[in-house]
Amino acid sequence: MKRFLIAGIVTFVTLSFHNAYADRAPKGYELLQSNPKYSFRYSRPGEPVRRGKTSERMEVRDGFCRGTDCSEDRLRSEIRIPHRQAKARVGKDIWFGWSFRVAQFSSDLRKVGVYPFLGQWKTAPENSPTVYFIMGGGKGAGDVYVSLGDMARRHNNMVAGAKWGHVCRKIFSIEQAKRQWVDIVLNTNFSSGADGYLKVWINGKLACSYSGQIVATRSSNDYRGPNHRRGIYIGNTSRWRAKRGSEPIPTVVVYYDEFLSGKTRGEVDTRMREAAGLPPKD
């Protein structure tokens, strides 16, 4: 009887553990139309952490949508800075740094033409993303691109000769991020003029360099500055339904750690901070 009682308790605890609601978004952030049950939580013992004690875990599951995403066939697990607290400004230099890791990601998404976003900045709710990271291609590796969505929308999907606004391709791969943490640094000014620039370093090496306009759309609904959101966003699930019918979209799980914004690279670069003995951002 004891054995069955203990087994029952373990089963109950296990089920409760897996069905527990997600954690609240970090201080200064909010969940963006993300399912509160599975979308965001902090890492647990044994899960990947780049520095310090915890990382941020994001998960997207088929069918777990909120708000207008449900009617628009979109899935997401994203947290964002409330637009009034955004530190970025159009035309002002700013640095961002973070670390990224993949735990679960099916190559079937790429084969069907479903390309998740892995972080984005927007100037207003109705505008296309100003800058976003996307799993854009690759034969099974799942190459990650940097794209200028707002510019592409305004210029017939071409930006500086790059189709769909993919100004930098293959900065790293999903397979690489499955094996190890990828440290990312981004420097830009989100300019609406020709003086714009965008540079991205991957694991300390320059992987992307673009010069030119970045913000194409200005409206009365603009945020104070480009609003950052990180996590997973899948906006074209209709492609999956058309080719795979009722087969569930594969679950995606990723981790983020050490996300920082600042005025210099030294303030945000995970590797530079680590080498300088600066404390982790927990």
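Along the sequence shown, the residues carry numbers beginning at 1. We use all heavy atoms of the structure for the numbers below, so side chains are in, but hydrogens, waters and symmetry mates are not.
Under the 4.5 Å side-chain heavy-atom criterion for ILVMFWY residues, a single connected hydrophobic cluster contains both Val144 and Ile202. Note on Trp181: it does not cluster hydrophobically with Ile174, by side-chain heavy-atom contacts below 4.5 Å among ILVMFWY residues. Hydrophobic clustering, with ILVMFWY side chains joined whenever heavy atoms are under 4.5 angstrom apart, keeps Val185 apart from Val167. Hydrophobic cluster membership differs between Tyr38 and Leu32, with clusters built from Ile, Leu, Val, Met, Phe, Trp and Tyr side chains linked at under 4.5 angstrom. Hydrophobic clustering, with ILVMFWY side chains joined whenever heavy atoms are under 4.5 angstrom apart, groups Leu186 together with Val90.
In this structure, Ser43 and Glu56 have side chains that are not in contact, with every pair of non-hydrogen atoms separated by 4.5 Å or more. Inter-residue side-chain proximity for Glu47 and Arg41 is flagged as met; some heavy-atom pair is nearer than 4.5 Å. Residues Met58 and Glu78 form no side-chain contact, since every pair of their non-hydrogen atoms from C-beta on lies 4.5 Å or further apart. Residues Pro116 and Leu109 form a side-chain contact, since some pair of their non-hydrogen atoms from C-beta on lies under 4.5 Å apart. Side-chain atoms of Pro125 and Tyr223, non-hydrogen and from C-beta on, do get closer than 4.5 Å to each other. Side-chain contact check for Trp98 versus Arg230: every heavy-atom pair is 4.5 Å or farther apart. The side-chain heavy atoms of Leu118 and Ile134, taken from C-beta on, include no pair separated by under 4.5 Å. Lys199 is listed as a side-chain neighbour of Leu206, based on a closest heavy-atom distance under 4.5 Å.
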Candidate pair Val131 and Phe190, rule side-chain contact (heavy atoms from CB on, under 4.5 Å), full reasoning: CA-CA 9 Å; Val131 175; Phe190 292 114; 3.8 Å; yes
Would Glu59 and Arg57 count as a salt bridge (charged side-chain N to carboxylate O under 4.0 Å, His left out) if you check the C-alpha gap in whole Å, the side-chain angles of each, and the deciding distance to 0.1 Å? CA-CA 7 Å; Glu59 178 177 341; Arg57 182 185 185 276; 2.7 Å; yes
Step by step, work out the side-chain contact (heavy atoms from CB on, under 4.5 Å) result for Arg169 and His166. CA-CA 6 Å; Arg169 296 169 177 258; His166 299 329; 4.0 Å; yes
Start with the C-alpha distance between Gln180 and Asn203, add both sets of side-chain angles, then the distance that settles side-chain contact (heavy atoms from CB on, under 4.5 Å), and finish with yes or no. CA-CA 11 Å; Gln180 62 187 30; Asn203 294 334; 3.9 Å; yes
Stepwise, does the side chain to side chain donor-acceptor pair (under 3.5 Å) test hold for Gln33 with Thr68? CA-CA 8 Å; Gln33 289 196 164; Thr68 56; 3.2 Å; yes
Given Val200 and Ile184, is the side-chain contact (heavy atoms from CB on, under 4.5 Å) satisfied, shown in steps? CA-CA 7 Å; Val200 178; Ile184 305 168; 4.0 Å; yes
Assess the residue pair Asp183 and Ser99 against the criterion (side chain to side chain donor-acceptor pair (under 3.5 Å)); give the C-alpha distance rounded to whole Å, side-chain angles, the decisive distance to 0.1 Å, and a yes or no. CA-CA 4 Å; Asp183 297 327; Ser99 297; 2.7 Å; yes
Which is it for Thr217 and Arg154 under the side chain to side chain donor-acceptor pair (under 3.5 Å) test, yes or no, and what are the steps along the way? CA-CA 8 Å; Thr217 306; Arg154 289 287 177 173; 3.1 Å; yes
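Distance check, rounded to the nearest 0.5 Å: CG of Asp73 to CG of Asn236 gives 10.0 Å. Note that the CZ atom of Arg24 and the CD1 atom of Ile79 stand 14.5 Å from one another [nearest 0.5 Å]. Between Lys263 atom NZ and Lys92 atom NZ the span is 10.5 Å, to the nearest 0.5 Å. The CZ atom of Arg218 sits 7.5 Å away from atom OG1 of Thr123, with the distance rounded to the nearest 0.5 Å. A distance of 14.0 Å separates CD1 in Ile249 from CZ in Arg61, rounded to the nearest 0.5 Å. Here the straight-line distance linking atom OG of Ser77 with atom CG of Leu31 works out to 7.5 Å at 0.5 Å rounding.
Tyr42 has its ring centre less than 6.0 Å from the ring centre of Phe40. Between Trp201 and Trp95, a ring centre-to-centre spacing shorter than 6.0 Å is recorded.
Between Phe100 and Phe172, the ring planes are tilted. Angles from 30° to 60° get that label. Ring-plane geometry between Phe259 and His228 is classed as parallel, the angle between the planes falling under 30 degrees on a 0 to 90 degree scale with a further cut at 60.
Within the 3.5 Å criterion, the main-chain N or O of Arg51 finds a donor-acceptor partner in the side chain of Asp257. Judged purely by atom type and a 3.5 angstrom limit, Asp222 uses its side chain to pair as donor or acceptor with the backbone of Ser219. Side-chain N or O atoms of Arg273 include one that pairs as donor or acceptor with a backbone N or O of Pro279 at under 3.5 Å. A donor-acceptor contact shorter than 3.5 Å is absent between the side chain of Asp69 and the backbone of Leu75. Remark: the backbone N or O of Lys122 is not paired with any side-chain donor or acceptor of Asp150 at under 3.5 angstrom. Under a 3.5 Å cut-off, the side chain of Arg89 and the backbone N or O of Ala86 do form a donor-acceptor pair. Asn156 places no side-chain N or O within 3.5 Å of a backbone atom of Met158 that could act as its donor or acceptor partner. Asn187 places a side-chain N or O within donor-acceptor distance of the main-chain N or O of Ile94, the cut-off being under 3.5 Å. Under the 3.5 Å distance criterion, the side-chain polar atoms of Ser191 are matched with a main-chain donor or acceptor of Gly193. Of the possible donor and acceptor atoms, none in the side chain of Gln85 sits under 3.5 Å from a partner among the backbone N and O of Pro82.
Scanning both residues, Gln213 and Ser192, for their nearest heavy atoms gives NE2-O, 3.2 Å. For the residue pair Cys208 and Ile171, the shortest heavy atom distance occurs at CB-CG2, 4.2 Å. In this structure, Val159 and Ala152 approach most closely via the heavy-atom pair CG2-N, 3.5 Å. For Phe96 against Ala88, the heavy-atom pair with the smallest separation is CZ-CB, 4.3 Å. Shortest non-hydrogen contact noted between Ala160 and Tyr210 is CB-CE1, 4.0 Å. Gly266 and Leu278 get closest at one heavy-atom pair: O-CD1, 4.4 Å.
Counted within 6.0 Å of NZ on Lys178, heavy atoms from surrounding residues, nucleotides or ligands total more than 12; the atom is thus considered enclosed. Atom CZ of Arg74 sits in a crowded spot, with more than 12 heavy atoms from other residues, nucleotides or ligands closer than 6.0 Å.
Residues passing the ring-ring contact (aromatic ring centres under 6.0 Å, His included) test with Tyr29, sequence neighbours excluded: none.
The side chain to side chain donor-acceptor pair (under 3.5 Å) analysis of residues 239-251, with sequence neighbours excluded, yields the pairs Asp62-Arg241, Arg244-Glu247.
A salt bridge links Glu274 to Arg50: one of the charged nitrogens lies within less than 4.0 Å of a carboxylate oxygen.
For the pair Arg80 and Trp121, the cation-pi criterion (under 6.0 Å, within 45° of the ring axis) is not fulfilled.
Using modelled atom types, one finds no donor on one side chain facing an acceptor on the other under 3.5 Å when comparing Asn35 with Ser39.
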